[in-house]
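Accompanying notes for the structure given below.
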Amino acid sequence: MIDQQMSLRGGAARLPVRPRTGRLLVLAAVFVCAACGLVYELELVALASYLIGDSVTQASVVLSVMVFAMGIGSLLAKRLRCRAAVGFGLIEAALALIGGSSALVLYASFAWLGDSQYALVGFSLAIGVLIGAEIPLLMTLIQRVDRQDAGGAVADLFAADYVGALVGGLAFPFLLLPMLGQLTGALFTGAVNAAAGGALVLWVFRRDLSPRSRWLLVLANVSVIAVLATATVLVDDFERAARRAVYGDQVRVAVQTGVQEVVVTGTDRDSLGLYLDGRLRVSARDEYRYHEALVHPAMNGPRARVLILGGGDGLAAREVLRYEDVRAVTVVELDPAVTRLARTDPALSELNGHAFRDPRLTLVGADAFPWLRADHGRYDVVISDLPDPGITASTKLYSAEFYGLIGEALAPDGRLVVHAGPLGARPQTFWTVEASVRAGGLATRPYRVTGRYAGFAASPDRGGGEDRGREDWGFLLAAAGRAPQAALAAGGPEPRSLRGRELREGARAAAEARLPGLLPSTLIHPRYWEDA
């Protein structure tokens, strides 16, 4: 066979272009393939963080498995060096198909099977093996194009590979996700990957291919691109079906913002559900339990100026604006899509009492952490209605530094209230947040109320929907330098306080807690639980 004989003899490839041009074309293919490979990695990490949660763990799993698999791929590629051109072409076709369809399969396994962890590991392993096999084969090809020394060839290949990885890493968050979304972005990347790998082999190295190898590569690449193109056409229907499987049949709004996926379910105010990245943020049936317990205990005392961190749905603001002596409310929300829905969606705006129409309310679109660094005056009440502390991406908003900034923004008699996660389900998370508030210079009083668990979306046949159990919401009331005992004596709901043994046992458990992604300053000082 022609390609095998030429490689075994070590002769130069019979190129349709000059060697210098051929070398540049090989490096261009390396650049494109490296960019696509990194997009596959980032796609797996992003989707796994969304579907499974805990981005630190998911990133560690994906990257460690991929690096391990790349080593296996490099070893396996030695068997293909005698047929480097056709081997590289087939590997790129397989990588394009597997990498391009990975997001679809992961989402499908979560929506219909309820678990995507095994699929994540499988795709990480397969993609890593194929990526690892690229460089040895490309090394063989570039030396056949231009008989430079091995050191120079390796330097050129890795330079193109690293620059391609840089471009792919930047293109993923700034171009692919905003313009195409996760699923279509992965399919598009796979098509580009197949086109680049197929074009290099079928054009630059076509004279070294036997007729059988040439037709095999043509068929493989055309088939892969056809499959990816068909999936792209059907991706909207797939997403709708998957969302129905996850959220039920009443999905009304589904928006992928630059921050998260926002889904609204229900046909009216009474059945409304708001999901952020798959987690139930608002359930109209009992959201009042959460928001009344969050807001009213902290409102006992001076309350002319109130700061709400998060709360873009307007529901915490609704409770604050019930007080006529509140003069100014500032809502700091990172995602403008959430506040836009809260203003314009009929059911959600009715549920929040059209809070954003109140002239006392000022909306700020910003990340709460850097926003607090600037001096915006002092607030009588600060309400932290932020994403769940168990989500790694939000852990900076539960750090001692963050609460130190809030302490500086509090008036002398000001109060802070923090949603610290479910105490019953995740006591270590709750008590680690409590320790962080203390480390920020504030005295705390923990309390909790019960309600329907605002956790991850699940289909009714997996125990989700209305049949889900009830859990508790845990809160922390805090003030600068003193225990805010009197604040909990106000009207409104009567949250269940934690005293005595519960408080001490929770503090002891927190002394050994370490949450992924939390800053070191959020760890509990050994003396902490002596005060419990």
All salt bridge (charged side-chain N to carboxylate O under 4.0 Å, His left out) counterparts of D375, not counting sequence neighbours: R378
Who pairs with R327 by salt bridge (charged side-chain N to carboxylate O under 4.0 Å, His left out), at least two apart in sequence or on another chain? none
Using salt bridge (charged side-chain N to carboxylate O under 4.0 Å, His left out) as the criterion, list what pairs up with D313, not counting sequence neighbours. none
Mind checking side-chain hydrogen bond (donor to acceptor under 3.5 Å, both in side chains) for D325 and listing every partner two or more places apart, or none if nothing turns up? R303
Identified side-chain contact (heavy atoms from CB on, under 4.5 Å) counterpart of V382 within the set I406, T330, I308, V417: I406
Do you know which of F402, Y403, Y398 makes ring pair (Phe, Tyr, Trp, His ring centres under 6.0 Å) with F369? F402
Do E319 and L315 make a side-chain contact, defined as non-hydrogen atoms from C-beta onward lying under 4.5 Å apart? no
Residues that H291 engages under side-chain hydrogen bond (donor to acceptor under 3.5 Å, both in side chains), provided they are two or more places apart: E287
For F68, the ring-ring contact (aromatic ring centres under 6.0 Å, His included) test, sequence neighbours excluded, returns none
All side-chain hydrogen bond (donor to acceptor under 3.5 Å, both in side chains) counterparts of R243, not counting sequence neighbours: E261
For R360, give me all partners under side chain to side chain contact (heavy atoms under 4.5 Å, CB included), at least two apart in sequence or on another chain. L321, V326, D358
For E333, check salt bridge (charged side-chain N to carboxylate O under 4.0 Å, His left out) against everything at least two apart and list the hits. none
Got a sec, which residues hit ring-ring contact (aromatic ring centres under 6.0 Å, His included) with H376, two or more places apart in sequence or on another chain? W371
Using the side-chain hydrogen bond (donor to acceptor under 3.5 Å, both in side chains) criterion, which residues pair with S271? Sequence neighbours excluded. D268
Tell me if the CZ atom of R357 is crowded by more than 12 foreign heavy atoms within 6.0 Å. no
For residues 250-259, pull every pair meeting salt bridge (Lys or Arg N to Asp or Glu O under 4.0 Å), keeping only residues two or more places apart or in separate chains. R252-D345
